[in-house]
Amino acid sequence: MSQKGNDTDDTDRLIASALQVNGRASWEAISRVIDLPSRTVMRRGQHLIDTGCVRVSTFVDANKLLHARGVLIRLGTEIDQVAQVARGVAALPGASSVSILEGSGDIVALVLVENAEAHQMLLMQTLPAIPGLRAFEVSTVLRSYRIGLDWHAGILPAEQVDALRASAPWHAPSASSTPVVLDSVDQNLIDQLSHDGRATISVLAQEAGINAQTVRRRLDTLFGVGVLRVRTEVAPAFFGYKVEAMLWLHIRNGDIESIGNFLATHPSVRYCAALTGHAGLLVDGLFMDEEALFDFQNGVIGSLPTVEIAESRVVLKAVRRGPLYIEDVVA
């Protein structure tokens, strides 16, 4: 079925959505899947990357490599220092997501900590030393049902998504528990891909000073066990999403597992996780407008008899998503 857009914006959105699903897919592969001329896809797609509308990078999954755990931190700041504090938190080692919420200087951050010592240092030394920070509270992430890199705009039909994912091993990593040890060659490839997630095998081989076969084998291993993940960032407004919101949910005598899995399948949900603390579940969603957010709260959450919304807050500004700072992303 042809999906040729009615205008260039439609074409750009199709290409950007394809890159969200598989940021390392070749332009030729994307053109076949979305049924657009390969020269158009290459020209338009490269323009999206060159202008910063789309950014493809990779990151090391600390959960796989270091058995790290996530902590969700709510920070209260002096109102005139919220941006400064958010930037400081975003620069912390392990910072994965940082958002400024509507309200009086509230920030939410997801940070990965490698061990108990790192956890203690973060809470007892690093955070208290940040100027402008008034208070914070912490919840441990117990289980993730959906993470940000799994979200895509949902404008491609399922068969096209499946076709793009077929050549993306990071979407279905092996369940092996064998520890992964990185050497200097692995680290070189990781460093290169963190700056350009679409770097070709030949470019990676040349920069690393090794042959292409070795690069391909190393990447197959890193992607296959889930240590290395590809992440494509696109400003939500590019797809027409004008509202991002975080919802903390109380589960009354309910099954958090089934509710978490259910909410994770909703197209608006970009992150969903079970937490310790006053709310059992956190949902981060993207919505076309406030009416769509209301419909989600009233119709989707409201349909779950054991779930109550403990708090709902609109994200005023996304500061960091994964390895990428969002402040200068072109919407």
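Although no hydrogens or angles enter the test, the distance criterion places no donor-acceptor pair under 3.5 Å between the side chain of Glu308 and the main chain of Arg252. Gln160 places a side-chain N or O within donor-acceptor distance of the main-chain N or O of Val33, the cut-off being under 3.5 Å. Using a distance-only test at 3.5 Å, with no hydrogens or angles considered, a donor-acceptor pair links the side chain of Arg146 to the main chain of His266. In terms of modelled atom types and a separation under 3.5 Å, the side chain of Arg74 and the main chain of Ala135 share no donor-acceptor contact. With Ser139 contributing its side chain and Thr276 its backbone, the two residues share a donor-acceptor pair below 3.5 Å.
Between Arg165 and Asp162 there is no salt bridge, since none of the side-chain N atoms of the basic residue sits less than 4.0 Å from a carboxylate O of the acidic one.
In this view, Arg43 and Thr40 satisfy the side-chain contact (heavy atoms from CB on, under 4.5 Å) rule, not counting sequence neighbours. For Arg313, the salt bridge (Lys or Arg N to Asp or Glu O under 4.0 Å) criterion is met by Asp106, Glu311, not counting sequence neighbours. Judged as a salt bridge (Lys or Arg N to Asp or Glu O under 4.0 Å), and not counting sequence neighbours, Arg32 has no contacts. The side-chain contact (heavy atoms from CB on, under 4.5 Å) search around Asp289 returns Glu291, Ala292, not counting sequence neighbours. For Arg198, the salt bridge (Lys or Arg N to Asp or Glu O under 4.0 Å) test picks out no residue, with sequence neighbours left out. Checked against side-chain contact (heavy atoms from CB on, under 4.5 Å), Asp255 has the following partners two or more places apart in sequence or in another chain: Glu257, Ser258. Evaluation of the salt bridge (Lys or Arg N to Asp or Glu O under 4.0 Å) rule for Asp50 yields no partner, not counting sequence neighbours. Residues satisfying the ring pair (Phe, Tyr, Trp, His ring centres under 6.0 Å) criterion with Tyr241, sequence neighbours excluded, are Trp151. His250 meets the ring pair (Phe, Tyr, Trp, His ring centres under 6.0 Å) test with no other residue; sequence neighbours excluded. Remark: Thr214 engages Ile210, Asn211, Arg217, Arg218 in a side-chain contact (heavy atoms from CB on, under 4.5 Å) (not counting sequence neighbours).
In the hydrophobic clustering (ILVMFWY side chains linked at under 4.5 Å, chained through shared members), Val300 is joined by Tyr145, Val243, Leu247, Leu249, Ile251, Ile256, Ile259, Phe262, Leu263, Val269, Leu281, Val283, Phe287, Leu293, Phe296, Ile301, Leu304, Val307, Ile309, Val314.
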Begin with the C-alpha distance, continue with both residues' side-chain angles, and end with the deciding distance and a verdict on side-chain contact (heavy atoms from CB on, under 4.5 Å) for Val161 and Leu156.
CA-CA 6 Å; Val161 172; Leu156 300 178; 4.0 Å; yes

Does the side-chain contact (heavy atoms from CB on, under 4.5 Å) test come out yes or no for Val141 and Leu275, once each step is laid out?
CA-CA 5 Å; Val141 177; Leu275 308 171; 3.8 Å; yes

Would Leu193 and Leu219 count as a side-chain contact (heavy atoms from CB on, under 4.5 Å) if you check the C-alpha gap in whole Å, the side-chain angles of each, and the deciding distance to 0.1 Å?
CA-CA 10 Å; Leu193 287 169; Leu219 292 186; 3.7 Å; yes

Should Asp186 and Val227 be marked as a side-chain contact (heavy atoms from CB on, under 4.5 Å) after you check the CA-CA gap, both sets of side-chain angles, and the distance that decides it?
CA-CA 11 Å; Asp186 295 323; Val227 166; over 6 Å; no

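Asn22 has its side chain out of reach of Val230: every pair of non-hydrogen atoms, C-beta onward, lies at least 4.5 Å apart. A heavy-atom distance below 4.5 Å is not found between the side chains of Arg231 and Arg229. The side-chain heavy atoms of Leu164 and His152, taken from C-beta on, include no pair separated by under 4.5 Å.
A distance of 5.5 Å separates CZ of Phe238 from SG of Cys53, quoted to the nearest 0.5 Å. In this structure, the separation between CZ on Phe136 and CD1 on Ile107 is 12.5 Å, given to the nearest 0.5 Å. Here Arg216 contributes atom CZ and Ser202 contributes atom OG; the two are 9.5 Å apart, rounded to the nearest 0.5 Å.
A donor atom on one side chain and an acceptor atom on the other are found under 3.5 Å apart for Ser99 and Arg321. Using modelled atom types, one finds no donor on one side chain facing an acceptor on the other under 3.5 Å when comparing Asp196 with Gln192.
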Indicate every side-chain donor-acceptor pair of residues 123-134 with a distance under 3.5 Å to a residue at least two apart or in another chain.
from, atom 1, to, atom 2, distance (Å)
Thr126, OG1, Met121, O, 3.4
Arg134, NE, Thr77, O, 3.0
Arg134, NH2, Thr77, O, 3.2

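Counting heavy-atom neighbours within 6.0 Å of Glu78 CD, excluding the residue itself, gives a total above 12.
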